[in-house]
Amino acid sequence: MTSEIEYNAKLDEARSYIMEQVPSLPELGIILGSGLGAFADLVENKVTIGYQDIPHFPISTVEGHAGQLVFGKVKGRSLVVMQGRFHYYEGYTMQEVTFPIRVMQVLGVKGLIVTNAAGGINPDFQAGDLILIKDHLNLMGENPLRGPNLAKLGPRFPDLSEAYNSEWRQKALALMPDYEIRPQEGVYAGMSGPSYETPAEIRYSRSIGADMVGMSTVPEVIVANHGGMKVLGISCVTNMAAGILPQKLSHGEVMETAERVGKKFVNFVEGLMKVL
Ligand code: HPA
């Protein structure tokens, strides 16, 4: 585990490097999940920085993820877009998974939109639905804040009673029908992966309040809250979770649905720029 001093020094180096490249600092951060990569094409006056060029940034390994930060404006809002995220299942530590959120924090980002692909557990959902995240269950077996508290970055025992900002959720829900999205909310259960869940694990998740399940988001949202950011989360239900339907799960199905819904998802997130 790196010491607080070392960690702050790493963040400083990453921040300085980025500040040399970008003309204006971002107010909002967006993490693009599967199928949402095209959002980066909307960014105006963009400055793109590959993860491999940013001091101390982990390197993205998953196929289909570009692995870059895109700075610029959408609908007049100054953004930093993460195209490609780090997953715990890839073998990164929780600190590595959330390093980009810390970089956003030290760049002055005040709000974060997190998107992901998820399996639907709630029987009201179907593949292709976009669901607003109202809360989460951390079932990953780890917490990114474990270890010495980075006091400059946030409190030892951060409150998560509104981890997904309720004012932003109301605004996003109200906007959904304009994009032909049924306004639905759900609780996201974060799993470590990389295996999909068993039907028993899904029944268990349902019984403790989960509406959808995925392998990301929870670490980033915990760290964003620790750093005082407002968070909005959106899941794309790419498949129904194990045992909900009498069929097997495949990464192919997940990617196919994410592709199919991509355009609608991109348009909705663009629309959010005007209301959040
Ligand atoms: N389980 C976990 N993660 C996922 C799923 C799922 O069914 N679909 C997309 N990401």
Side-chain angles (χ1 to χ4, degrees), residues 29-43 46 48 50-51 60-70 72 74-75 79-90 100 112-133 172 175-186 188-191 193-197 202 211-217 220 232-242 244-273:
I30 304 186
I31 305 179
L32 303 182
S34 307
L36 210 66
F39 182 82
D41 300 337
L42 300 180
V43 180
K46 71 173 126 183
T48 298
Y51 292 163
S60 190
T61 63
V62 175
E63 262 178 77
H65 287 276
Q68 56 190 19
L69 291 183
V70 181
V74 173
K75 300 281 171 214
L79 306 180
V80 50
V81 177
M82 258 189 98
Q83 205 174 13
R85 61 146 61 86
F86 303 103
H87 297 92
Y88 188 56
Y89 65 72
E90 293 175 86
L112 182 69
I113 300 177
V114 193
T115 66
N116 60 49
I121 302 178
N122 186 324
D124 293 343
F125 298 168
Q126 58 187 49
D129 281 355
L130 297 178
I131 310 292
L132 208 65
I133 304 176
L175 188 69
M176 287 170 121
D178 293 1
Y179 292 85
E180 289 172 7
I181 302 166
R182 269 194 299 160
Q184 302 183 97
E185 287 192 298
Y188 176 93
M191 302 289 188
S195 51
Y196 289 119
E197 302 70 33
I202 293 302
D211 295 295
M212 56 260 187
V213 61
M215 303 175 194
S216 66
T217 301
E220 292 109 315
L232 185 83
I234 310 160
S235 286
C236 173
V237 174
T238 51
N239 58 283
M240 292 311 284
I244 302 279
L245 298 176
Q247 63 187 44
K248 292 199 171 195
L249 271 60
S250 75
H251 183 60
E253 181 195 5
V254 168
M255 297 313 286
E256 228 170 83
T257 311
E259 273 312 295
R260 173 162 66 78
V261 185
K263 187 96 191 92
K264 191 186 243 194
F265 206 167
V266 167
N267 290 341
F268 177 55
V269 175
E270 183 186 25
L272 286 170
M273 298 298 104

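- Between Ile202 and Ala241 the shortest heavy-atom distance is CD1-CB, 3.6 Å.
- Considering only heavy atoms from C-beta on, Phe39 comes within 4.5 Å of Val74 through its side chain.
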Exercise for the section: Determine, step by step, whether Leu32 and Val81 satisfy the side chain to side chain contact (heavy atoms under 4.5 Å, CB included) criterion, reporting the C-alpha distance in whole Å, the side-chain angles of both residues, the deciding distance to 0.1 Å, and the verdict. Expected result: CA-CA 7 Å; Leu32 303 182; Val81 177; 3.4 Å; yes

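- Atoms OH and OG, on Tyr89 and Ser195 in that order, are 11.5 Å from each other to the nearest 0.5 Å.
- Closest approach of Thr238 and Ala117 over heavy atoms only: CG2-CB, 3.6 Å.
- Shown here is Glu256, whose CD atom has no more than 12 heavy atoms of other residues, nucleotides or ligands within 6.0 Å.
- Atom CE of Met82 and atom CG of Leu112 lie 9.5 Å apart (nearest 0.5 Å).
- The side-chain heavy atoms of Leu132 and Leu232, taken from C-beta on, include a pair separated by under 4.5 Å.
- Among all heavy-atom pairs drawn from Gln83 and Ala40, the shortest one is NE2-CB, 3.6 Å.
- A donor-acceptor pair under 3.5 Å is formed between the side chain of Tyr51 and the backbone N or O of Gly84.
- The CD1 atom of Ile30 lies 4.5 Å from the CG atom of Leu79; values are rounded to the nearest 0.5 Å.
- Side-chain atoms of Lys264 never come within 3.5 Å of backbone atoms of Ile181 as a donor-acceptor pair (strictly under, hydrogens ignored).
- At least one side-chain heavy atom of Phe265 sits under 4.5 Å from a side-chain heavy atom of Ile234.
- Considering only heavy atoms from C-beta on, Met273 comes within 4.5 Å of Ile113 through its side chain.
- Aromatic ring pairs are classed by plane angle as parallel below 30°, tilted from 30° to 60° and perpendicular above 60°; the pair Tyr179 and Phe268 is perpendicular.
- Between Phe125 and the choices Ile244, Leu130, Asp211, the side-chain contact (heavy atoms from CB on, under 4.5 Å) rule is met once, by Asp211.
- With a 6.0 Å radius and a threshold of 12 heavy atoms from other residues, nucleotides or ligands, Glu253 has its CD atom above the threshold.
- When all heavy atoms of Met212 and Ala118 are compared, the closest pair comes out as CB-CB, 4.1 Å.
- Without hydrogens or angle criteria, Tyr188 side chain to Ser216 main chain gives a donor-acceptor distance under 3.5 Å.
- A distance of 8.0 Å separates OG1 of Thr217 from NE2 of His87, quoted to the nearest 0.5 Å.
- Residues Ile131 and Asn122 fail the side-chain proximity criterion, which asks for heavy atoms closer than 4.5 Å.
- Closest of all the heavy-atom pairs between Ser235 and Asn116 is OG-OD1, 2.7 Å.
- Between Leu175 and Leu272, the shortest heavy-atom contact is CD2-N, 3.7 Å.
- One finds the OG atom of Ser34 at 6.5 Å from the NE2 atom of His251 (value rounded to the nearest 0.5 Å).
- Interatomic distance, Arg85 CZ to Glu90 CD, rounded to the nearest 0.5 Å: 10.5 Å.
- Every residue meeting the side-chain hydrogen bond (donor to acceptor under 3.5 Å, both in side chains) condition with Asp129, not counting sequence neighbours, appears here in chain and number order: Arg182, Gln184.
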